[in-house]
Amino acid sequence: MRITVLGGCGAWPEAGQACSGYLVEHDGFRLLVDLGYAVFPRLLEHLTADQVDAVFVSHGHPDHCADLNPLLRARTLRDDPPPPLPVYAPPGALDAVLALDRPGMLDAAYALREFTPGDDLDIGPFHAHTRLLPHWVPNAGVRLSVGGRVLAYTGDSGPSPDVVDLARAADLLVAEASYLHDVPEDSVGFQSSAREAGRQAAAAGAGRLLLTHVLPGTAHAAARAAARAEYDGEVGVAAANVVVDLG
């Protein structure tokens, strides 16, 4: 399993970067996990729009799904459109982004497969176990398994025992870490810090930790240091073109 980070900024993209987006590949199958602001141009540095095999969206906030629109436009506004793209998302999560164009314009470009967080899915070669994790809107964390390797991804989530369960013995935990140490009072329970991500990675026994959704302006070195105060394993920060091979 290979994970290529297309973006890891929280809320809005920094210059030259993008919001949450991850290309997960195994045996030629290309799964796009989230595609927030500015992810689509980063994706095109690696493959064409018609080469995406499926999309998984954790939740409906635009910094996780806005660039579904240009992806679908690029697939349908051509002389030889590819088959409909399977798109997996919680119920209603994509209503706003799919309504951006005139009715029916993109209908042939995608096959929407809504699921309830907690469902198990088979997406190409990947087995996906989903879990409802705490956020302002329904947010599906996902545990992707293939070839004996496991990737756990929180989407956006406050601290929760469910995060630890989702990431138990995972080879890689990609965990939301908007802040360094303390989460503002109005976001407590709905977002996490780098330090909390480190604490949960340690509790889960995850092999590696990749911090994501780090807010623009946050020093990546400071985020890594905050996580390492709680976790002894390898810590990275999600940014465009970071690649993790899980073998």
Side-chain angles (χ1 to χ4, degrees), residues 1-89 93-94 96-102 105-113 123-126 128 142 144 146 151 153 155-156 172 174 176 210-214 216 220 236-246:
M1 191 192 309
R2 166 174 282 197
I3 300 95
T4 302
V5 178
L6 304 174
C9 293
W12 72 93
E14 293 186 289
Q17 295 292 326
C19 288
S20 295
Y22 315 89
L23 178 62
V24 185
E25 300 174 87
H26 177 77
D27 198 24
F29 191 91
R30 300 174 172 116
L31 171 63
L32 188 56
V33 177
D34 279 351
L35 61 172
Y37 300 123
V39 165
F40 185 57
R42 303 285 82 76
L43 175 70
L44 294 179
E45 296 172 3
H46 301 275
L47 66 160
T48 59
D50 61 299
Q51 291 176 318
V52 178
D53 294 302
V55 171
F56 177 95
V57 173
S58 62
H59 66 287
H61 282 159
D63 55 336
H64 290 259
C65 67
D67 269 27
L68 179 63
N69 177 263
L71 172 61
L72 296 180
R73 278 176 159 237
R75 290 173 68 96
T76 200
L77 298 176
R78 49 185 290 173
D79 293 333
D80 56 342
L85 178 66
V87 178
Y88 298 82
L94 300 180
V97 71
L98 292 175
L100 288 173
D101 279 301
R102 68 178 183 270
M105 175 177 163
L106 300 178
D107 285 358
Y110 67 93
L112 181 59
R113 299 176 181 176
I123 306 175
F126 298 100
V142 64
L144 291 171
V146 68
L151 161 68
Y153 171 56
D156 288 353
L172 175 67
V174 181
E176 193 254 292
L210 188 66
L211 304 172
T212 192
H213 204 264
V214 175
H220 287 187
V237 178
N241 298 319
V242 168
V243 176
V244 180
D245 279 306
L246 298 184

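Start at 1 with the first residue, then count along the sequence. What you see is a predicted model; the values in this text were computed from it and never measured.
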**Student:** Can you confirm whether more than 12 heavy atoms, excluding those of R78, are under 6.0 Å from its CZ atom?
**Tutor:**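 Enclosed.
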**Student:** Between D53 and R30, does any NZ, NE, NH1 or NH2 come within less than 4.0 Å of an OD or OE carboxylate oxygen?
**Tutor:**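 Looking at R30 and D53, the cut-off is not met.
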**Student:** Could you walk me through whether E45 and L6 pass the side chain to side chain contact (heavy atoms under 4.5 Å, CB included) test, one step at a time?
**Tutor:** CA-CA 9 Å; E45 296 172 3; L6 304 174; over 6 Å; no
**Student:** May I ask you to decide if R2's main-chain N or O and D245's side chain share a donor-acceptor pair within less than 3.5 Å?
**Tutor:**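 No; zero donor-acceptor contacts below 3.5 Å.
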**Student:** Which value, rounded to the nearest 0.5 Å, describes the distance between M1 atom CE and F29 atom CZ?
**Tutor:**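 With rounding to 0.5 Å, CE (M1) is 12.5 Å from CZ (F29).
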**Student:** Are L77 and M105 close enough that some pair of their side-chain heavy atoms sits under 4.5 Å apart?
**Tutor:**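 L77 vs M105: side chains touch.
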**Student:** Restricting to non-hydrogen atoms, name the atom on D67 and the atom on F40 that form the minimum distance, rounded to 0.1 Å.
**Tutor:**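 Shortest heavy-atom contact: OD2-N, 2.8 Å.
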**Student:** Anything under 30° is parallel, anything over 60° is perpendicular, the rest tilted; go ahead and classify H59 against H64.
**Tutor:**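 Answer is tilted, since the angle falls between 30° and 60°.
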**Student:** Nearest 0.5 Å please: distance from the CG atom of L100 over to the CG atom of L94.
**Tutor:**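 Result: 11.0 Å between the selected atoms.
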**Student:** So which atom in L72 and which in Y110 form the shortest heavy-atom distance, rounded to 0.1 Å?
**Tutor:**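 Minimum heavy-atom contact is CD1-CD2, 3.7 Å.
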**Student:** Which atoms form the tightest heavy-atom contact between E176 and G155, and what is the distance?
**Tutor:**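 Looks like CB-O, 3.3 Å.
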**Student:** When rounded to the nearest 0.5 angstrom, what is the spacing between CZ in R113 and CD1 in I123?
**Tutor:**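 Those atoms lie 9.0 Å apart.
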**Student:** I'd like to know if the side chain of H61 pairs up with that of D156 as donor and acceptor (distance under 3.5 Å, no hydrogens or angles considered).
**Tutor:**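 No, because no side-chain N or O of H61 sits under 3.5 Å from a partner of the opposite role on D156.
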**Student:** List the atom of D63, the atom of A11, and the distance in Å for their closest heavy-atom pair.
**Tutor:**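 So the minimum-distance heavy-atom pair works out to OD2-N, 3.1 Å.
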**Student:** Walk me through it: do V5 and V174 pass the test side chain to side chain contact (heavy atoms under 4.5 Å, CB included)?
**Tutor:** CA-CA 10 Å; V5 178; V174 181; over 6 Å; no
**Student:** Hey, does V146 have a side-chain heavy atom less than 4.5 Å from the side chain of D27?
**Tutor:**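 No - every pair of side-chain heavy atoms lies 4.5 Å or more apart.
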**Student:** Around atom CG of D80, are there more than 12 heavy atoms from other residues, nucleotides or ligands closer than 6.0 Å?
**Tutor:**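 Count over threshold, so yes.
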**Student:** Applying side-chain contact (heavy atoms from CB on, under 4.5 Å) between L68 and each of V39, L32, V97, report the one that passes.
**Tutor:**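 One option only clears the test, and that one is V97.
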**Student:** Quick one, L71 with L43, criterion side chain to side chain contact (heavy atoms under 4.5 Å, CB included). Give me CA distance, side-chain angles, the key distance, then yes/no.
**Tutor:** CA-CA 9 Å; L71 172 61; L43 175 70; 4.3 Å; yes
**Student:** Does any part of the side chain of Y153, heavy atoms only, come nearer than 4.5 Å to the side chain of V24, both counted from C-beta?
**Tutor:**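 The answer is no, as the side chains (C-beta and beyond) never meet within the 4.5 Å cut-off.
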**Student:** Is there a donor-acceptor contact under 3.5 Å from the side chain of D34 to the main chain of S58?
**Tutor:**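 Yes, D34 side chain to S58 backbone: donor-acceptor pair under 3.5 Å.
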**Student:** Rounded at 0.5 Å granularity, tell me how far CG in L23 sits from CG in L35.
**Tutor:**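 Rounded to the nearest 0.5 Å, the CG-CG separation comes out at 11.5 Å.
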**Student:** For a quick test of reading the model, state the closest non-hydrogen atom pair linking W12 to Y37 and the distance between them.
**Tutor:**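 The pair with the smallest heavy-atom distance is CA-CD1, 4.5 Å.
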**Student:** Which heavy atom of P70 sits nearest to which heavy atom of A66, and what is that distance?
**Tutor:**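 Closest pair (atom of P70, atom of A66, distance): CD-O, 3.7 Å.
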**Student:** Treating R75 as the side-chain partner and A49 as the backbone partner, does any N or O pair qualify as donor plus acceptor under 3.5 Å?
**Tutor:**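 Side chain of R75 to backbone of A49: a pair is present.
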**Student:** Using modelled atom types only, decide if a donor and an acceptor are shared between the side chain of Q17 and the backbone of A240 within a distance under 3.5 Å.
**Tutor:**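 It does hold such a pair.
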**Student:** I3 and side-chain contact (heavy atoms from CB on, under 4.5 Å): which partner among L210, L144, L151, V33?
**Tutor:**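 Single side-chain contact (heavy atoms from CB on, under 4.5 Å) partner of I3 among L210, L144, L151, V33: L151.
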